[in-house]
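Worksheet: the structure to be examined is printed underneath.
Numbers for residues simply follow the sequence, beginning at 1. Counting starts at 1 for both ligands and their atoms, in listed order.
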Amino acid sequence: MDNIHVAKLLDETADLMEIAAEDGFRIRSYRNAAKTIEGYPESVMTIVADPQRKVTNIAGIGKGIAHILGEIAERGSFDRRDEMLEKYPPTALEMLKIQGLGPKSIAVLIEAFRVSTIDDLERLCREQKLRDLPRMGAKLEEKILKSIAIYRRSAGRFLIDFATDTAEELRVLFEGLAGVESVSAAGSLRRGKETIGDVDILVAGPNAVVALDHFAKWSKVEELLAKGENKASARVGVEGIQVDVRALPTENFGAAMQYFTGSKEHNVALRTRAVKMGYTLNEYSLSRESDGKVIASATESQIYEALGLVWIAPELRENTGEIEAAEKGVLPKLLELEQMRGDLHMHTRESDGRGTLEEMAAAAKAMGYEYIVITDHSKALAMANGLDEKRVLDFAKMVRGIGENELGLKVFSGIECDILKDGRMDLDDEALGALDFVVASVHSHMNLDGSAMTERLLAALENPYIHTMGHPTGRVLLHRDAYAYEFEKVAARAAERGVFMEINASPERLDLHAALIRSAKARGCKFTISTDAHHPRQFVNMCYGVKMARRGWLEKTDVVNTLGLREFEATIREARALRLSAV
Ligand code: DGT
Ligand code: CA
Ligand code: CA
Ligand code: ZN
């Protein structure tokens, strides 16, 4: 059993113990152990099995957890977990995924109505039964119904970083097999869509079918769904993500890549165009209708060119104007990951991050960056130990004291300052003015009505010290929808004020999404792309932010942190000076 699976058993048991309102200390010890095990570089089960070694040598694994790990090694479960599973249906775990429903409420609902499924829960809310219970009301019923809708919509979809890692493991598995020449992801993953339904992998070569055999025998396959002559599908890993692997000869690779990359809408439009030109287009080739002669099949470029188009980047293939632009030769020269020069939103141990300033700087340097901005939280986020004015001033002074080459790249002082309910900033002007760069974000009162939220954000934009709007819609993928407001109005005002829009590259957010990026650009906005890293290893998420930017048709010149250090420094200073002189 791999570490992720072991961690999941512990976490689930902790969830059930929470529903049972058990001792918080014990629950926390399960959770901490789960976290440790999930991030541990070596298989914990291997250590358990080795009589020469002790799992208790791992920091955070005590005797109690070690005993549990022994049970898991023996029979794949442990007493405590079995007890809890007897007491509560496994669907209780599913209900915890519904926002607004904590373990306490679930315990009450199970007690009062014996609810055991999401369907039960939905019915109870519709029949307005929850409002009769203590501390529950009509508002909660409404909130739960909304969360159930989000849950249903997102069930069976996965975050892009997880899907990317799965695809990468398969690439490593297939590449180098005799008879395999190329391996590539297709589908929504290749288009860089923010969530992924299933992972599509294409394998080409004179004997590409060997990949299907290797796939079917892969240790991570939980359930083989189908295996045919040139395709295999399986559910993979504890999470059960579906993977489709297709094998084909090299001469069809381009046509297959084009077909299986999609989107469906793009393909329909392209096929219509082919038919008008007297061709047929399918996963094997672009061919002449009259005599079946193959016009193009080996590469995507050949296919697009034969259709009178330049090659269209996968991120653009959503049939939102890309075919027309390719025909006219006016596709954007899309932003590239290598063009990013810095990261402008990150947290350290000063607030809720896991690394020190030095550790973050070292990891950013390894990304090849010239500069970073440290942006811990402001005081309104008390839970995250946000900074008050005094700590901000001390921090700004400390950062100014760092020598030019001391950390190998320039570190700017910054803050992720909360936008309060009325649109004021959480820190006074003196503190904000002492910092080089300010990200302004909403973290509270996210359910204001649309017009109040619009007013709130417009008010925030009047503050002369802020540089960028952090995660501008507040969505959390698969969990929370964007908060409601008039985005166009806010974007237009941001453009006037010279305040940038952030594209938050965290795979859980990817906020802004493509359509909003295009809308903001049309209104004159510039953008920052940042990872919001809470750990040194999260800087690599920049690639997902860049994908989002590309899906929003952005070029290098649209993105502020593609600038070299001196230009970037001048830009953020001048933007603020301009706003101050306009006051
Ligand atoms: P997903 O998996 O829901 O995140 O989204 P996709 O786009 O990866 O969808 P998927 O896996 O069903 O199919 C991959 C691509 O293959 C899709 O974008 C277009 C193409 N494709 C697959 N089946 C069909 C089909 O029956 N008709 C058409 N036109 N295209 C298809
Ligand atoms: Ca797919
Ligand atoms: Ca698929
Ligand atoms: Zn934030």
ask   = Is it the case that N267 and Q258 place a side-chain donor and acceptor less than 3.5 Å from each other?
value = yes
ask   = Does the ring centre of H377 sit less than 6.0 Å away from the ring centre of H443?
value = yes
task = Report the name of the N/O/S atom of D200 located nearest to the Ca ion (ligand 2).
result = OD2
query = Do any nitrogen or oxygen atoms of D198 come within less than 3.5 Å of a nitrogen or oxygen of ligand 1?
reply = yes
ask   = Are any of the N/O atoms in S188 less than 3.5 Å from those in ligand 1?
value = yes
query = Can you find an N/O atom of G197 closer than 3.5 Å to an N/O atom of ligand 1?
reply = yes
contact_flag D244 ligand 1 heavy-atom lt 4.0 Å = no
remark   = The closest protein heavy-atom partner of atom 3 (O) of ligand 1 is R157 NH1, 3.1 Å
request  = Considering the heavy atoms of I196, write down every atom of ligand 1 situated less than 4.0 Å from one of them.
outcome  = 4 (O)
query = In terms of atom number and element, which parts of ligand 1 are under 4.0 angstrom from non-hydrogen atoms of G187?
reply = 8 (O)
query = Is there a donor-acceptor contact under 3.5 Å linking the side chains of R341 and T562?
reply = no
inquiry  = Judged on heavy-atom distance to atom 7 (O) of ligand 1, which of Q258, K264, R191, E265 sits nearest?
reply    = R191
inquiry  = Closer than 2.8 Å to the Zn ion (ligand 4): does that hold for any N, O or S atom in H377?
reply    = no
key: Element-labelled atoms of ligand 1 that are located less than 4.0 Å from some non-hydrogen atom of D200   = 8 (O), 11 (O), 14 (C)
request  = Check whether the side chains of S263 and E265 place a donor and an acceptor atom closer than 3.5 Å, and report yes or no.
outcome  = yes
inquiry  = Quick one about E416 and H347 (side-chain donor to acceptor, distance below 3.5 Å, no hydrogens or angles considered), yes or no?
reply    = yes
message = Looking only at N, O or S atoms, which one in H471 sits nearest to the Zn ion (ligand 4)?
response = NE2
ask   = Hey, do the aromatic rings of F568 and F412 have their centres closer than 6.0 Å?
value = yes
key: Distance-only donor-acceptor check, side chains R271 and T280, under 3.5 Å   = no
task = For the pair K227 and D213, find out whether any cationic side-chain nitrogen is under 4.0 Å from an anionic carboxylate oxygen.
result = yes
ask   = Of the protein's non-hydrogen atoms, which lies at the shortest distance from atom 18 (O) of ligand 1, and what is that distance?
value = G262 CA, 3.2 Å
ask   = Which is the closest N/O/S atom of E416 when seen from the Zn ion (ligand 4)?
value = OE2
query = Hey, are E502 and H471 close enough side-chain-wise for a donor-acceptor pair under 3.5 Å?
reply = no
request  = Flag yes if more than 12 heavy atoms outside K35 fall under 6.0 Å of its NZ atom; otherwise flag no.
outcome  = no
request  = Would you check if the Zn ion (ligand 4) lies under 2.8 Å from any N, O or S atom of D532?
outcome  = no
ask   = Quick one: which ligand 1 atoms are inside 4.0 Å of a heavy atom on T261?
value = 18 (O)
query = Has D198 got an N, O or S atom lying less than 3.0 Å from the Ca ion (ligand 2)?
reply = yes
inquiry  = For a quick check under 3.5 Å, do Q242 and D244 share a side-chain donor-acceptor pair by atom type?
reply    = yes
query = So how far is it from L248 CG to F260 CZ, rounded to the nearest 0.5 Å?
reply = 8.0 Å
ask   = Cut-off 3.5 Å, side chains only: do S285 and S287 have a donor facing an acceptor?
value = yes
Ligand 1 atoms in contact with F260 (distance to a heavy atom under 4.0 Å) = 14 (C), 15 (C), 16 (O)
note = the Zn ion (ligand 4) has as its nearest N, O or S atom from H443 the atom NE2
query = What's the shortest distance from atom 24 (C) of ligand 1 to any protein heavy atom, and which residue and atom give it?
reply = Y259 OH, 3.7 Å
inquiry  = Below 4.0 angstrom, counting only protein heavy atoms, does anything approach atom 5 (O) of ligand 1?
reply    = yes
query = Among R271, E283, E194, which residue places a heavy atom closest to atom 29 (N) of ligand 1?
reply = R271
